[in-house]
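Have a look at the structure below, then the notes.
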Amino acid sequence: MNITILDDYQDTIRTLACFGKAAGHHVTIWNDHTKDVTMLAARLKDTEALALIRERTPIRAPLLERLGKLRLISQTGVYPHLDVEACTRHGVIVSSYMAPGRPSYATAELTWGLIIAALRRIPQEIAALRAGKWQAYPIGTGLRGKALGIYGYGRIGAVVAGYGKAFGMKVLAWGREASLTKAREDGHAVAASKEALFAESDVLSLHLRLIDATRGIVTAADLARMKPTALLVNTSRAGLIAPGALEAALRAGRPGMAAVDVFEDEPVLGARHPLLAIDNVICTPHLGYVERDGLETMFSAVFDQILAYASGKPINVVNPEVLG
């Protein structure tokens with residue numbers, strides 16, 4: 001089969017142990033990124049199985065109409081970037097392993113890396129030291145005894161909360177009632193309201209899925225309630241925050257800092273994003289789930305789905321009606 005892998009920015013997939021599963025197939029890997037339909041159509045014209053790294057490239061009807069040889073899209077996780085209905089119309093199977101019950105520990109770990117880096121101003125002090133300066137920024141703050149707000153106590157939020165407890169922080173959770181019940185069972189406090197969560201948190205970390213109901217759920221008014229010493233962390237989705245609200249809030253001084261791993265339009269190239277120009281923000285290029293063990297697990301499932309299709313027994317099929 002002709003297999004194509006898109007958006008392997010760090011040229012990692014061919015170095016994974018699971019890449020051996022693709023032996024005997026013709027694999028093409030693209031390390032750059034494009035959303036241009038004409039360019040994608042040219043790159044994918046002979047592709048029979050398309051392997052995606054999460055949600056990096058949207059696959060919609062205008063592209064699918066030009067991919068006459070495509071028979072399978074293999075990926076893991078949720079699929080808001082896929083037009084599943086159009087895939088079905090064009091006879092394309094979507095296989096997506098959902099890893100039930102397994103949180104992204106890598107994302108939780110990066111969240112804590114960002115929290116500590118932001119509060120202790122680690123990136124700024126490293127840059128200053130290399131420039132010949134010593135302790136050049138206002139003094140940072142520690143974690144013990146502070147309030148950690150978790151907005152969205154799901155699989156990742158629960159892990160982040162557990163790490164916070166290990167640091168001696170008081171955890172405050174907010175979200176759907178079912179998740180708050182779980183937070184209580186885990187021994188954490190629940191905020192009196194969404195407004196209280198934003199007002200009382202010293203560190204507030206977002207861990208919500210981006211769906212229609214949560215898009216823009218963090219408003220300018222929410223951010224204005226935060227302490228001038230507080231830190232907002234977003235390793236989930238940029239669309240959870242109302243457009244432009246975070247930049248304006250940071251310039252107004254509430255919250256005092258932000259740590260961001262996600263952007264509305266990715267990848268961000270040429271430093272063309274307003275958050276990158278704000279001193280009290282640290283940003284990373286969507287590294288949350290991007291680590292070797294996680295990609296090994298992810299692409300082991302991706303290749304298993306391709307091999308299952310090749311054997312005539314597709315698995316983890318999102319659109320089973322196409323099998324008819």
Check for me, please, whether [X] and [Y] land in the same ILVMFWY cluster - side-chain distances under 4.5 Å, paths through other members count.
X    : Y    : result
I315 : V84  : no
L223 : L114 : no
L210 : L110 : no
I116 : V160 : yes
L82  : L67  : yes

Between [X] and [Y], does any side-chain N to carboxylate O distance fall below 4.0 Å?
X    : Y    : result
E266 : R237 : no
E264 : R215 : yes
D32  : R43  : yes

Handout entry: side chain to side chain donor-acceptor pair (under 3.5 Å) evaluation trace for T88 with N319
Key = CA-CA 7 Å; T88 302; N319 53 343; 3.1 Å; yes

Counting only heavy atoms from other residues, nucleotides and ligands, does the tally under 6.0 Å from [atom1] of [X] exceed 12?
X    : atom1 : result
D36  : CG    : yes
E85  : CD    : no
K170 : NZ    : no
K45  : NZ    : no
H81  : NE2   : yes

Problem - Stepwise side chain to side chain donor-acceptor pair (under 3.5 Å) check, T284 with D261 - result: CA-CA 5 Å; T284 48; D261 186 48; 2.7 Å; yes

Could you give the distance from [atom1] ([X]) to [atom2] ([Y]), rounded to the nearest 0.5 Å?
X    : Y    : atom1 : atom2 : answer
R272 : D265 : CZ    : CG    : 10.0 Å
R89  : E321 : CZ    : CD    : 12.0 Å
L180 : I150 : CG    : CD1   : 12.0 Å
L40  : I59  : CG    : CD1   : 6.5 Å
C87  : Y79  : SG    : OH    : 11.0 Å
Y105 : Y163 : OH    : OH    : 7.0 Å

With a 4.5 Å limit on heavy-atom distance, are the side chains of [X] and [Y] in contact?
X    : Y    : value
Q305 : P314 : no
M257 : T229 : no
L204 : M226 : yes
E48  : L70  : no
K227 : P255 : no
E55  : P80  : yes
L119 : L143 : yes
T111 : S205 : yes

For [X] and [Y], indicate whether the former's side chain and the latter's backbone hold a donor-acceptor pair under 3.5 Å.
X    : Y    : result
R225 : A196 : no
T47  : L50  : no
Q75  : S95  : no
N280 : G256 : yes

Exercise for the section: Return the set of residues passing side-chain hydrogen bond (donor to acceptor under 3.5 Å, both in side chains) with D8 (not counting sequence neighbours), or none when no residue passes. Expected result: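 side-chain hydrogen bond (donor to acceptor under 3.5 Å, both in side chains) check on D8 returns nothing, list empty.
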
Practice task
Kindly state each residue pair satisfying salt bridge (Lys or Arg N to Asp or Glu O under 4.0 Å) with at least one member in residues 57-78, sequence neighbours excluded.
Solution key: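 The answer is D46-K69.
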
Nearest non-hydrogen partners of [X] and [Y], listed with the distance:
X    : Y    : result
A118 : A259 : CB-CB, 4.4 Å
G149 : L197 : CA-CD1, 3.8 Å
V92  : I73  : CG1-CG1, 3.9 Å
V262 : A238 : CG2-N, 3.5 Å
Y153 : S179 : O-CB, 3.3 Å
P267 : H33  : CD-CD2, 3.2 Å

Practice task
Could you tell me if the ring centre of F263 sits under 6.0 Å from that of H273?
Solution key: yes

Handout entry: Criterion side chain to side chain donor-acceptor pair (under 3.5 Å) on T107 and T235, from CA distance to verdict
Key = CA-CA 7 Å; T107 300; T235 57; over 6 Å; no

Handout entry: Verdict with supporting geometry, D202 and L148, side chain to side chain contact (heavy atoms under 4.5 Å, CB included)
Key = CA-CA 6 Å; D202 295 296; L148 170 64; over 6 Å; no

Exercise for the section: List, by chain and then residue number, the residues other than V27 in its hydrophobic cluster (Ile/Leu/Val/Met/Phe/Trp/Tyr, side-chain heavy atoms under 4.5 Å); write none if there are no others. Expected result: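 Result for V27 is M1, I3, I5, I13, L16, F19, I29, I53, L72, I93, Y289, V290, L295, M298, F299, V302, F303, I306, Y309, V317, V322, L323.
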
Exercise for the section: Each residue besides I139 in its hydrophobic cluster should be listed here, by chain and number; the cluster joins Ile, Leu, Val, Met, Phe, Trp and Tyr at side-chain heavy-atom distances under 4.5 Å. Expected result: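 Noted: I139 shares its cluster with no other residue.
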
Handout entry: Of all pairs that satisfy side-chain hydrogen bond (donor to acceptor under 3.5 Å, both in side chains), the ones with a partner from residues 123-148, not counting sequence neighbours
Key =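 Output for this query is empty, none listed.
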
Problem - Which residues share a salt bridge (Lys or Arg N to Asp or Glu O under 4.0 Å) with R14, sequence neighbours left out - result: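 Partners of R14 by the salt bridge (Lys or Arg N to Asp or Glu O under 4.0 Å) criterion, ordered by chain and then number, come out as D11.
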
Practice task
Decide side chain to side chain contact (heavy atoms under 4.5 Å, CB included) for T76 and R54; before the verdict, give the C-alpha distance in whole Å, the side-chain angles of both, and the deciding distance to 0.1 Å.
Solution key: CA-CA 6 Å; T76 63; R54 297 288 295 268; 4.2 Å; yes

Exercise for the section: Let me know which of V203, V260, I282 forms a side chain to side chain contact (heavy atoms under 4.5 Å, CB included) with V233. Expected result: V203

Practice task
Measure the acute angle between the ring planes of Y151 and F198, then classify it against the limits of 30° and 60° as parallel, tilted or perpendicular.
Solution key: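 Geometry flag for F198 against Y151: perpendicular rings.
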
Practice task
Kindly determine whether R56 and L6 satisfy side chain to side chain contact (heavy atoms under 4.5 Å, CB included), including the steps that lead there.
Solution key: CA-CA 8 Å; R56 291 179 177 178; L6 293 178; over 6 Å; no

Fill in the blank from the handout: Exactly one candidate in T34, T57, N31 meets side chain to side chain donor-acceptor pair (under 3.5 Å) with D7; the answer is T57

Problem - Residue pair H188, K165: steps toward the side chain to side chain contact (heavy atoms under 4.5 Å, CB included) verdict - result: CA-CA 9 Å; H188 302 306; K165 189 173 182 179; 4.0 Å; yes

